[in-house]
Structures are given as C-alpha cells and as structure tokens.
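The structure appears right after this line, and notes come after that.
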Amino acid sequence: MIEHLVLFQFNDSITPEKEEELVQKLLSFKGQIPGLVEVTAGLNVTEEVDKE
C-alpha cells in the first residue's frame with residue numbers, strides 16, 4: 001500500500017467557498033480512480049504562526 005500526502009497553500013485571494021469546493025472535489029476522487037482505497041481531505045483550522 002502506498003500513502004500519498006499532498007499539502008496546498010492557498011493565496012490570500014481565495015474565498016472560503018472556493019476552498020470548500022476544492023476539498024469536496026478531492027473527496028469525490030474516491031470511487032472515480034481505480035485502486036484508490038481511501039481519501040481524506042480538509043482545511044487546516046489552526047492558526048499559522050512563524051517561528052523564528
């Protein structure tokens with residue numbers, strides 16, 4: 001089994017509605033791509049801070 005992790009960083013101009021649309025699109029891949037067993041996707045809900 002292969003597990004693949006993909007991270008996206010959206011620019012500031014993307015709307016919350018578009019973010020959710022993209023998450024739903026990713027989730028729709030299950031059942032559409034042969035051999036794809038499971039899909040999980042979601043938005044990061046933690047606050048990002050720079051650590052210097």
Side-chain angles (χ1 to χ4, degrees):
M1 179 171 74
I2 297 172
E3 185 173 345
H4 191 78
L5 175 67
V6 178
L7 304 173
F8 295 94
Q9 183 173 3
F10 300 123
N11 63 34
D12 293 334
S13 66
I14 192 167
T15 64
E17 293 81 13
K18 191 65 169 177
E19 287 178 347
E20 185 59 33
E21 180 184 332
L22 292 168
V23 168
Q24 292 306 314
K25 184 66 170 178
L26 289 170
L27 293 172
S28 75
F29 289 164
K30 186 175 180 181
Q32 301 296 317
I33 299 174
L36 184 62
V37 176
E38 188 62 54
V39 175
T40 57
L43 299 172
N44 184 1
V45 295
T46 61
E47 185 176 328
E48 297 293 324
V49 293
D50 290 333
K51 296 187 179 195
E52 296 179 26

Residue pairs, two or more places apart or on separate chains, that pass salt bridge (charged side-chain N to carboxylate O under 4.0 Å, His left out) and touch residues 3-20: K18-E21

Apart from I2 itself, residues in the same hydrophobic cluster as defined by side-chain heavy atoms under 4.5 Å: none

Salt bridge (charged side-chain N to carboxylate O under 4.0 Å, His left out) pairs, two or more places apart, involving residues 35-44: K30-E38

Members besides I33 in its Ile/Leu/Val/Met/Phe/Trp/Tyr cluster (side-chain heavy atoms under 4.5 Å): V6, F8, F10, I14, L22, V23, L26, L27, F29, L36, V39, L43

Partner residues of Q32 under the side chain to side chain donor-acceptor pair (under 3.5 Å) criterion, sequence neighbours left out: none

Set of residues satisfying side chain to side chain donor-acceptor pair (under 3.5 Å) with respect to S13, sequence neighbours excluded: N11

